[in-house]
2 protein chains.
Amino acid sequence: MERDVFSALADPTRRQMLDLLVRHEQAAGELGRAFPSISQPGISRHLRVLREAGLVRVRQVRRNRYYSLRSERLAEVDAWITKYRGFWGVELDSLEAYLDAKKRTRAEDRS
Amino acid sequence: MERDVFSALADPTRRQMLDLLVRHEQAAGELGRAFPSISQPGISRHLRVLREAGLVRVRQVRRNRYYSLRSERLAEVDAWITKYRGFWGVELDSLEAYLDAKKRTRAEDRS
DNA sequence: ACATCATATACCTGTGTGGTTATGAATTGG
DNA sequence: CCAATTCATAACCACACAGGTATATGATGT
């Protein structure tokens, strides 16, 4: 438990797993099928690392373990990188555009 | 050469180094003094990793090697994490606050 | 109770990484 | 030229990690 988020993100397979989970929660086996070159235990261990880093949560439903994304830790990474955001300029604008869109969405949610 | 940015960021010492470099460029030795528990070759190798990941550049001036931050790769990480930004809501506000402050700074720069 | 499915754990193995000390290479000052 | 400074590289060690196969665990269906 209590594993470093950055080292959990260091592995490309685990990053891909998160990329898959961002769409919707997914069972371990389902996830594993996206990585045919890795054995089932390999998948399971990657998921364990993500769990221990707090990047995913698990929900057991019958025989399946459904993994889903947890935002908190990723937000920490985002907070860390915010310190450096002053170093590039162009991207700020697209980020602002994104935030504007997001704000509108949230406003609609409330209405 | 051509090393993965995320694995370069996986080490806490290297992240601290970047945190120091975000203020201003710094000579290797100067940087090293911030980590008294690590030997000089240790510092040098961390800097090599950062170099190979494209996270820093070096400029030689007389006897000193001045390291400074390179934004491109960090921007890549930022782009990656952008995919997940939809997953947290509260943090968006502080991010907006940051952007507002930044925009004001940039406006002042132009005036 | 038993077989099956879904996932996790145990154990081994090769490779990578962070740390060290010792040494090399380039620059500078006397 | 020699010594000191500044930094990088080499060689080595301990350990962590990703991968595999084999096995355990737990829940479901018959």
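Every chain is numbered from 1, with letters handed out A, B, ... down the list of sequences.
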Quick one: closest heavy-atom pair of [X] and [Y], and the distance?
{"X": "B:Ala28", "Y": "B:Tyr67", "result": "CB-CE1, 4.0 Å"}
{"X": "A:Ser7", "Y": "B:Ala10", "result": "CA-CB, 3.8 Å"}
{"X": "B:Leu55", "Y": "B:Ala8", "result": "CD1-CB, 3.9 Å"}
{"X": "B:Ala53", "Y": "B:Val5", "result": "O-CG2, 3.9 Å"}
{"X": "A:Leu18", "Y": "B:Tyr84", "result": "C-OH, 3.2 Å"}

Check whether [X] reaches the backbone of [Y] with its side chain - one donor and one acceptor, N or O, closer than 3.5 Å.
{"X": "A:Arg51", "Y": "A:Arg57", "result": "no"}
{"X": "A:Thr82", "Y": "A:Asp78", "result": "yes"}
{"X": "A:Gln16", "Y": "A:Thr13", "result": "no"}

- [ ] Select base, sugar-phosphate, or nothing to describe what A:Gln60 touches, counting heavy atoms under 4.0 Å on all strands.
- [x]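 The residue A:Gln60 makes sugar-phosphate contact but no base contact.
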What's the separation between atom [atom1] in [X] and atom [atom2] in [Y], rounded to the nearest 0.5 Å?
{"X": "B:Leu9", "Y": "A:Ile81", "atom1": "CG", "atom2": "CD1", "answer": "7.5 Å"}
{"X": "A:Met17", "Y": "A:Leu50", "atom1": "CE", "atom2": "CG", "answer": "7.0 Å"}
{"X": "B:Glu25", "Y": "B:Arg59", "atom1": "CD", "atom2": "CZ", "answer": "4.0 Å"}

Task: Most 5' of B:Leu47 and A:Arg45 on DNA chain D, judged by nearest nucleotide - done: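 Upstream on the strand: B:Leu47.
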TODO: Name all pairs fulfilling the salt bridge (Lys or Arg N to Asp or Glu O under 4.0 Å) condition that reach into residues 33-50 of chain A, sequence neighbours left out, sorted by first residue then second.
DONE: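 Residue pairs with at least one partner in residues 33-50 of chain A: A:Arg48-A:Glu52.
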- [ ] Provide the full list of salt bridge (Lys or Arg N to Asp or Glu O under 4.0 Å) pairs with a residue in residues 5-20 of chain B, sequence neighbours left out, each pair given once.
- [x]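 For residues 5-20 of chain B, and leaving out neighbouring residues, the salt bridge (Lys or Arg N to Asp or Glu O under 4.0 Å) pairs sorted by first residue read A:Asp4-B:Arg15, A:Lys83-B:Asp19.
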TODO: Give me the residues of residues 61-68 of chain B where at least one heavy atom lies under 4.0 Å from an atom of DNA chain D, by number, or none.
DONE: B:Arg63, B:Asn64, B:Arg65, B:Tyr67
TODO: Mind running a 4.0 Å heavy-atom check of residues 4-38 of chain A against DNA chain D and sending the residues that fall below it, in number order?
DONE: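 A:Asp11, A:Arg14, A:Ser37, A:Ile38 - these, ordered by number, are the residues of the stretch whose heavy atoms sit under 4.0 Å from the strand.
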- [ ] On DNA chain C, reading 5' to 3', which nucleotide is the first and which the last to sit with an atom under 4.0 Å from a heavy atom of chain A, could you check?
- [x] C:dT4 to C:dT9
TODO: Name the first nucleotide and the last nucleotide along DNA chain D (5' to 3') that come under 4.0 Å of a heavy atom in chain A.
DONE: D:dC17 to D:dG29
